[in-house]
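Note that these values count all heavy atoms, side chains included, but never hydrogens, waters or copies made by symmetry. Both ligands and their constituent atoms are indexed starting at 1 by order of listing.
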Amino acid sequence: MTFTGFYKKTRKERIEILKNLNLISDEHSHELLENITLDVDVAGNMTENHIATFALPFGIVPQILVNNKEYSLPMVTEEPSVVAAASNASKIIAKSGGFETKILDRKMIGQIALYDVENFEQATSKIEENNLYLLQIANEAHPSIVKRGGGACDISWKILEDDEVKFLVVYLTVDVKEAMGANILNNMLEAIKPYLENLTNSYALMAILSNYATKSLVTASCKIKIQHIDKDIEKAKEIAKKIELASKFAKLDPYRAATHNKGIFNGIDALVIASGNDWRAVEAACHTYATRNGTYEGLSTWIFNKNENILSGEITLPMPIASVGGSIGLNNSVKISHEILGNPDAKTLASLITALGLAQNFAALKALVSVGIQQGHMKLHAKSLALLAGAKAEEVEIIAEKLQESKHMNLETAKLLIKENKEKIK
Ligand code: NDP
């Protein structure tokens, strides 16, 4: 059994394929079939004022090729056409050798902001003199991460000021291994805070992890042979040229950059959520990174090499995700996602998320510079409208088809079509 025609299969058949390819156990296959998700009692202990659990569609992008290995990526998203677009782009990119990824480092940074510092020179030399001692205090606050081969490894500082205030900001870098590290960092920072206040003769305003995870950067790239974009080479060249232009446009215009990056996050968020990670942390990190050159820019770069007929795409993102901790071990659907992914470590998961972001971006740009974004959206939008108008599962396809042929594709038409369909059946 393979993934061929996966999108045409029934839900049951898709689960069967995942099981037969050993991507999920019998137990998880049963849970998917029965739609057993987050246990309501577990949910009650995860957040406050809990009243129920809240569901979203759970889909699969099959056969994405990353670092010469094939993966199936779980995606959780409410937006129509995102999974289809990612699947289509991944297929095109796989034909050209797939994605390559690089991770330079995977550490997290936390900060303590000191104010009312009497003597900055003395304060900073005290920090430097006591560097090792401070690292030791930090590590003693969370010894288990040291046992796992990680822990606090660097302390640095910066003076930041405006006309009214002057801060001495101390940065702590921690190797968090497989965790995202917010709690690990916060424990360590709170432990060194009183020592820093004493050493520098100042007050600490706050001690907290920074979500700007510049020591967890991941680069994903791909080189697409343009014959895989379109069989008509002239048309493919035109699309490739326009994708390069579109990436330049997103570097220049923040109005476009916001939408360009939103498209990237259609993919990223869906996998970050499916993998049980903190998507607010990923969004905060990446959007801040998008401003690193002084203005908000598109996060990806596409270059068309006319001589070799290759379209190269690249994206670098901070990716502060984890394979353990947070809610990862608590949510049944998250456990299934990790199994489908092959239980990756944090570096592999970060690579897959970044590659998916680039795939999603390619899909959006390709549609935008050729047929336009609406063509692909409309079929799925018609399904959503049919559902919203009250179509039963068995009539969704037919109502959606009629809706697409209608002059006004809206809720009112959908309701009318459902009524007509019912009368016809009578
Ligand atoms: P956890 O508090 O769940 O800590 C992860 C724990 O996993 C570690 O302390 C460690 O505990 C255990 N662990 C098991 N195996 C490993 C391994 N191989 N490598 C590393 N740790 C391992 O999560 P984090 O500290 O990662 O914090 C993430 C959570 O914090 C998320 O839920 C996030 O939403 C939340 N958060 C985020 C903030 C932000 O982004 N600004 C702020 C505050 C919270 P042990 O060694 O003891 O077994």
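- Across all their heavy atoms, A213 and P320 have their closest contact at CB-CB, 3.9 Å.
- Every atom of ligand 1 with a heavy atom of G325 under 4.0 Å away is listed here by number and element: 3 (O), 5 (C).
- Atoms of ligand 1 found under 4.0 Å from any heavy atom of S144 (numbered from 1 in listed order, with element): 45 (P), 46 (O), 47 (O).
- Stacking of K166 on the aromatic ring of Y115 is not recorded, the 6.0 Å distance cut-off and the 45° axial limit not both being met.
- Close contacts of ligand 1 with L209, meaning ligand atoms under 4.0 Å from a residue heavy atom, involve 39 (C), 40 (O), 41 (N).
- Rounded to the nearest 0.5 Å, atoms CD (Q360) and CE (M75) are 4.5 Å apart.
- Which parts of ligand 1 touch V176 is read off a 4.0 Å heavy-atom cut-off, strictly below it: atoms 19 (N), 20 (C).
- The nearest protein atom to atom 38 (C) of ligand 1, hydrogens excluded, is given as A182 CB, 3.5 Å; this is a heavy-atom distance.
- With salt bridges taken as basic N to acidic carboxylate O contacts below 4.0 Å, none links R148 and E178.
- A side-chain donor from one of K262 and N266 sits under 3.5 Å from a side-chain acceptor of the other.
- In this structure, of A322, P320, A346, A179, the residue bringing a heavy atom nearest to atom 5 (C) of ligand 1 is A179.
- Remark: minimum distance from atom 28 (C) of ligand 1 to any protein heavy atom is reached at M180 SD, 3.8 Å.
- Between the side chains of T301 and K251, at least one donor-acceptor pair of N or O atoms lies under 3.5 Å.
- For W279 and F265, the gap between ring centers reaches or exceeds 6.0 Å.
- Of the candidates L196, L134, L132, I155 forms a side chain to side chain contact (heavy atoms under 4.5 Å, CB included) with just one, namely L134.
- Atoms of ligand 1 found under 4.0 Å from any heavy atom of H142 (numbered from 1 in listed order, with element): 9 (O).
- Between N261 and Y296, the side chains place a donor N or O and an acceptor N or O closer than 3.5 Å (distance only, hydrogens not considered).
- Nearest to atom 8 (C) of ligand 1 among the protein's heavy atoms is I184 CD1, 4.0 Å.
- When only modelled atom types and interatomic distance are considered, S300 and N361 share a side-chain donor-acceptor pair under 3.5 Å.
- Residue N211 has at least one heavy-atom neighbour below 4.0 Å for each of these atoms of ligand 1: 39 (C), 40 (O), 41 (N).
- For atom 24 (P) of ligand 1, the nearest protein heavy atom (residue, atom name, distance) is G181 N, 3.4 Å.
- Using a 4.0 Å cut-off to heavy atoms of E178, the atoms of ligand 1 that qualify are 17 (C), 18 (N), 19 (N), 20 (C).
- The residue from K177, R148, M46, M108 that puts a heavy atom closest to atom 22 (C) of ligand 1 is R148.
- Listed by atom number, the atoms of ligand 1 under 4.0 Å from I145 heavy atoms are 20 (C), 21 (N).
- The heavy atom nearest to atom 29 (C) of ligand 1, out of those in N183, N186, V146, N277, is found in N183.
- Nearest non-hydrogen protein atom to atom 7 (O) of ligand 1 is V324 CG2, 4.0 Å.
- A side-chain donor from one of E297 and N293 sits under 3.5 Å from a side-chain acceptor of the other.
- What sits closest to atom 34 (O) of ligand 1 on the protein, heavy atoms only, is D278 OD2, 2.6 Å.
- Of the protein's non-hydrogen atoms, the one nearest atom 23 (O) of ligand 1 is G326 N, 3.7 Å.
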